Amino acid sequence: MMASASMPRFCLVELTGSDLFAEFASDVAAGLTAEPKHLSCRYFYDSEGSRLFAAICELPEYYLTRAETEILQVHAHEIASPFPDDVTVIELGSGSAIKTRLLLEALLPGRQVRYVPIDICRPVLEESAADLSKRFPTLEILAVAAEYHDGLRHLRSESDRPRMILWLGSNIGNFTREEAAVFLRRIRNTMTPADRMLVGVDLRKDRAVLEAAYDDAAGVTAAFNLNLLARINQELNGNFDLSTFQHQAIYNQDLGRIEMYLVSRRVQSVTIRRIGLTVAFAAGETIHTENSYKYSLAEINAVATAAGLHDQCFWQDAAGRFSLHLLAPWTESAGI
Ligand code: AVJ
């Protein structure tokens, strides 16, 4: 074991329990032969997709990132204050980690902080880790390139000090409410009584505001959605003509979710050579590419409770669009 002074402050591990390429190929084949057609939103984030998502976060219509950043600007110290001297901050789906900076700034004075970002996009991890280690010379960073389920295994090994587990940016929105409860329960099962989880949740609101956030005037979200087809062209040797598909975002108010689709503008067939598949499209036929769930406070509470967690404290932006929840493992005393 090296002395801690000579230990590198930055380290990246790649954790993949599965062959991601084979999984992409078989998921695409299954999704495009299903009725109705669908593709998983987890495949949005190749390097171009991650770049486009970062651009979405800057859009005037996409209020989510700004609202969450506002909450952290106002409340980061309050959120950080109950944590003891040394703490491990684990972030699921860290992305560019700009919001995390605000929390780290609040935590770092007087504390030793280890930061463990877990993200599927390795270049994004490397970039954000480089930025953070430049800004915060005392921060220890252990970056994990993995999907959530592989990253979760890593959570169990990071248990030598109290942990703050971050799941920001409405990333919970890609799960159904049932899946979200199951996933939170799995995290909860790795938590000690001293651990906390901070979850960023987008709130239910007017249809017009939501639909504009997912169908912006500059067409960045459309490009983000269509990039899924470009990725299939590149990696699986497909011949999708991107100009023959249209981006669509619809708010399903009953289910409380934005649904994104790619709509075929005409009758056509597309061949994807590496998986030996030809897919026929009718005019107007859709590929369902993403769900983004919106929550009421009651729905957030229900999911937390189902996961064995207790909503200790929450904060919202001034306009009440977005909500940040500090969840603790439920215990007899915390329940009162
Ligand atoms: C990264 C899942 C939180 O649902 O708002 C943004 C992804 N899709 N615009 C979201 C997304 C279209 C985003 N999440």
Side-chain angles (χ1 to χ4, degrees), residues 38-69 71-72 91-100 117-121 124-125 128 147-148 151 166-177 179-180 183-184 198-207 209-231 245-252 255-263 286-295 299-300 303 317 321-325:
H38 59 87
L39 291 168
S40 168
C41 63
R42 54 192 271 245
Y43 298 117
F44 279 139
Y45 303 94
D46 63 356
S47 50
E48 175 65 2
S50 295
R51 189 191 69 76
L52 287 165
F53 179 65
I56 286 173
C57 294
E58 305 283 320
L59 292 169
E61 296 95 334
Y62 196 78
Y63 58 86
L64 289 81
T65 313
R66 274 187 306 282
E68 192 175 42
T69 303
I71 298 168
L72 288 169
E91 179 158 30
L92 302 170
S94 54
S96 70
I98 291 168
K99 289 164 289 185
T100 317
I118 302 174
D119 199 280
I120 45 175
C121 188
V124 166
L125 269 178
S128 69
E147 298 213 42
Y148 287 161
L166 307 179
W167 198 23
L168 301 178
S170 180
N171 279 325
I172 191 175
N174 284 151
F175 290 82
T176 66
R177 298 178 208 285
E179 288 166 348
F183 183 69
L184 286 172
L198 191 66
V199 185
V201 187
D202 195 22
L203 297 170
R204 285 180 177 257
K205 58 182 62 63
D206 268 12
R207 168 183 304 276
V209 175
L210 285 169
E211 289 184 348
Y214 290 84
D215 191 4
D216 60 283
V220 182
T221 310
F224 174 73
N225 200 6
L226 285 160
N227 180 55
L228 211 42
L229 303 184
R231 184 173 183 184
F245 284 85
Q246 186 174 3
H247 166 69
Q248 188 178 53
I250 298 170
Y251 183 49
N252 181 332
L255 296 178
R257 71 185 197 194
I258 283 280
E259 298 170 358
M260 287 202 335
Y261 296 94
L262 291 163
V263 189
T286 57
I287 308 171
H288 187 184
T289 54
E290 189 172 41
N291 291 320
S292 193
Y293 279 82
K294 309 303 166 188
Y295 280 79
E299 286 168 329
I300 295 169
V303 167
D317 62 308
R321 297 166 295 183
F322 201 92
S323 204
L324 207 54
H325 292 256

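What you are looking at is a predicted structure, and each value in this text was computed from that prediction instead of being measured. Note that ligands are numbered from 1 as they come in the structure, with each ligand's atoms numbered from 1 the same way.
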For His288, enumerate each residue passing the ring pair (Phe, Tyr, Trp, His ring centres under 6.0 Å) test, keeping only those at least two apart in sequence or located in another chain. Tyr261
Going by atom types alone, do Glu48 and Asn227 pair a side-chain donor with an acceptor below 3.5 Å? no
What are the two closest heavy atoms between Tyr251 and Lys294, and how far apart are they? CE1-CG, 4.2 Å
Qualifying residues under ring pair (Phe, Tyr, Trp, His ring centres under 6.0 Å), relative to Phe175, sequence neighbours excluded: Trp167, Phe183
Could you go through ligand 1 and list every pair where one of its N or O atoms sits under 3.5 Å from a protein N or O, giving the atom names and the distance to one decimal?
from     : atom 1 : to     : atom 2 : distance (Å)
ligand 1 : 4 (O)  : Tyr214 : OH     : 3.4
ligand 1 : 4 (O)  : Ser292 : OG     : 2.6
ligand 1 : 5 (O)  : Tyr62  : OH     : 2.5
ligand 1 : 5 (O)  : Tyr214 : OH     : 2.5
ligand 1 : 8 (N)  : Glu290 : OE1    : 2.6

Can you list everything that forms a side chain to side chain donor-acceptor pair (under 3.5 Å) with Tyr295? Sequence neighbours excluded, please. none
Step by step, work out the ring-ring contact (aromatic ring centres under 6.0 Å, His included) result for Phe44 and Phe53. CA-CA 9 Å; Phe44 279 139; Phe53 179 65; 9.4 Å; no
